[in-house]
Amino acid sequence: AVGADALGELVASPRCGRGELRAVLDVLGERVVADTTGPWQAGEADRLAHAAVRLLRRNLLLLDEVEGWAARIGARALRDRPAPAGVNADAFLRSLYLVLALGQEPPPIRADLVLTLVDFLRELHPDLLG
C-alpha cells in the first residue's frame, strides 16, 4: 500500500516523461496481477487505483496503451478468480472504475477507459451487472 502511494507521488513529478510513466504503468500492472497467498488487506486496490489515475492525468500515454494494460489486468481477474491474485485484480478494476467515474480531476481518457472497465466488470460479475 505504501509503495502505491510512493508511485503516485513519483508519477506526479514533471521530471517523469512518457517513457517513465509507461514503465510505472507496467509496474502498477505487474503489482496488481502478481501471484500472492492472500487477498489485499490494507487498501492496496484503492491506493493503486489512485496512483494509476494520477499517472493518467498527466495525459502522456495513448489510450491504446492504457486499454492494453487494463486488458492484461482484466484477463488475470477473469482467469484466476477466486484465487487471491484474481480477487486482487478484480478489486483493482472496481477501484479504478470508481476513481475514474466519481473522482475529481478525471484524466482526458476517462470516458473511453470507463467503458473498457465496464465491459470487464460485466464479464467478471454477470450476476450483478449482466
Side-chain angles (χ1 to χ4, degrees):
V2 174
D5 297 341
L7 289 174
E9 291 297 318
L10 175 68
V11 300
S13 170
R15 293 182 181 215
C16 284
R18 187 181 187 300
E20 291 85 4
L21 293 178
R22 180 71 181 120
V24 172
L25 189 69
D26 287 341
V27 167
L28 282 168
E30 289 171 14
R31 176 64 184 107
V32 169
V33 301
D35 288 328
T36 183
T37 58
W40 290 328
Q41 300 290 320
E44 290 93 340
D46 295 331
R47 292 161 88 169
L48 286 164
H50 282 280
V53 170
R54 286 188 81 176
L55 184 153
L56 297 174
R57 283 184 190 134
R58 297 284 310 280
N59 197 30
L60 294 176
L61 300 180
L62 302 173
L63 177 61
D64 289 345
E65 292 174 299
V66 177
E67 285 182 328
W69 168 81
R72 289 188 298 277
I73 296 169
R76 178 67 183 238
L78 287 166
R79 184 182 73 231
D80 291 338
R81 273 187 4 165
V87 170
N88 291 342
D90 181 14
F92 172 77
L93 292 173
R94 285 184 281 120
S95 291
L96 183 59
Y97 170 81
L98 285 173
V99 173
L100 287 170
L102 303 175
Q104 301 294 317
E105 301 175 47
I109 64 169
R110 174 189 156 220
D112 292 319
L113 187 53
V114 163
L115 292 175
T116 298
L117 293 172
V118 165
D119 289 341
F120 286 122
L121 293 171
R122 282 192 172 142
E123 194 170 352
L124 283 163
H125 303 281
D127 52 330
L128 297 175
L129 305 173

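Computed from a predicted structure; not experimentally measured. Just so it is clear, the values below take in all heavy atoms, side chains as well, and ignore hydrogens, waters and symmetry mates.
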| Minimum heavy-atom separation for Leu93 to Leu117, with atom names? | CD2-CD2, 3.7 Å
| message | Quick check for you: to the nearest 0.5 Å, what is the distance between Asp64 atom CG and Asp112 atom CG? | response | 10.0 Å
| message | Are Leu102 and Leu115 linked, directly or through intermediate hydrophobic residues, by side-chain heavy-atom contacts shorter than 4.5 Å (ILVMFWY only)? | response | no
| remark: Between Ala85 and Thr36, the two heavy atoms sitting closest are N-CG2, 3.9 Å
| said: For Ala51 versus Val11, what's the shortest heavy-atom pair and its separation? | reply: O-CG2, 3.9 Å
| task | Using a strict 4.0 Å threshold on nitrogen-to-oxygen distance, state whether Glu65 and Arg18 make a salt bridge. | result | yes
| Any side-chain heavy atom of Leu61 sitting closer than 4.5 Å to one from Leu25? | yes
| note | When every non-hydrogen atom of Gly38 is compared with those of Pro84, the smallest separation belongs to C-CB, 3.5 Å
| task | Have a look at Ile109 and tell me which of Val66, Leu62, Val114 forms a side chain to side chain contact (heavy atoms under 4.5 Å, CB included) with it. | result | Val66
| Transitively linked via ILVMFWY side-chain contacts under 4.5 Å: Leu98 with Leu128? | yes
| query | With a 3.5 Å cut-off and no angle check, do the side chains of Asp5 and His50 form a donor-acceptor pair? | reply | no
| query | Which heavy atom in Leu55 sits nearest to a heavy atom in Leu21, and how many Å separate them? | reply | CD1-O, 3.4 Å
| task | Kindly say whether Leu28 contributes a backbone atom to a donor-acceptor pair with the side chain of Glu30 at under 3.5 angstrom? | result | no
| request: Before giving the answer on side chain to side chain contact (heavy atoms under 4.5 Å, CB included), spell out for Leu48 and Trp40 the whole-Å C-alpha distance, their side-chain angles and the decisive distance to 0.1 Å. | output: CA-CA 11 Å; Leu48 286 164; Trp40 290 328; 3.6 Å; yes
| message | Please determine whether residues Val87 and Leu121 belong to a single hydrophobic cluster, defined as Ile, Leu, Val, Met, Phe, Trp and Tyr linked transitively by side-chain heavy-atom distances below 4.5 Å. | response | no
| said: In the structure I gave you, are the side-chain heavy atoms of Leu10 and Cys16 within less than 4.5 Å of one another anywhere? | reply: yes
| query | Hey, are Asp26 and Arg31 close enough for a salt bridge, meaning a charged N less than 4.0 Å from a carboxylate O? | reply | no
| query | Taking the side chain from Arg81 and the backbone from Asp90, do they hold a donor-acceptor pair closer than 3.5 Å? | reply | no
| request: Could you go through the salt bridge (charged side-chain N to carboxylate O under 4.0 Å, His left out) check for Asp127 and Arg122 one step at a time? | output: CA-CA 8 Å; Asp127 52 330; Arg122 282 192 172 142; over 6 Å; no
| query | Are the side chain of Glu105 and the backbone N or O of Gly103 linked by a donor-acceptor pair below 3.5 Å? | reply | no
| query | Would you call Arg94-Asp46 a salt bridge at under 4.0 Å N-O? | reply | no
| query | When you measure from the side chain of Arg58 to the backbone N and O of Ser13, does any donor-acceptor pair fall under 3.5 Å? | reply | yes
| field | Check: Arg110 and Pro108 side chains under 4.5 Å, non-hydrogen atoms | value | no
| field | Electrostatic pair Arg15:Glu20 at N-O distance under 4.0 angstrom | value | no
| query | Do Pro107 and Val53 come within less than 4.5 Å of each other through their side chains, counting heavy atoms only? | reply | yes
| Taking atom OG1 of Thr116 and atom CH2 of Trp69, what is their separation to the nearest 0.5 Å? | 11.5 Å
| request: Kindly indicate whether the side chain of Leu78, heavy atoms from C-beta on, has any atom under 4.5 Å from the side chain of Glu123. | output: yes
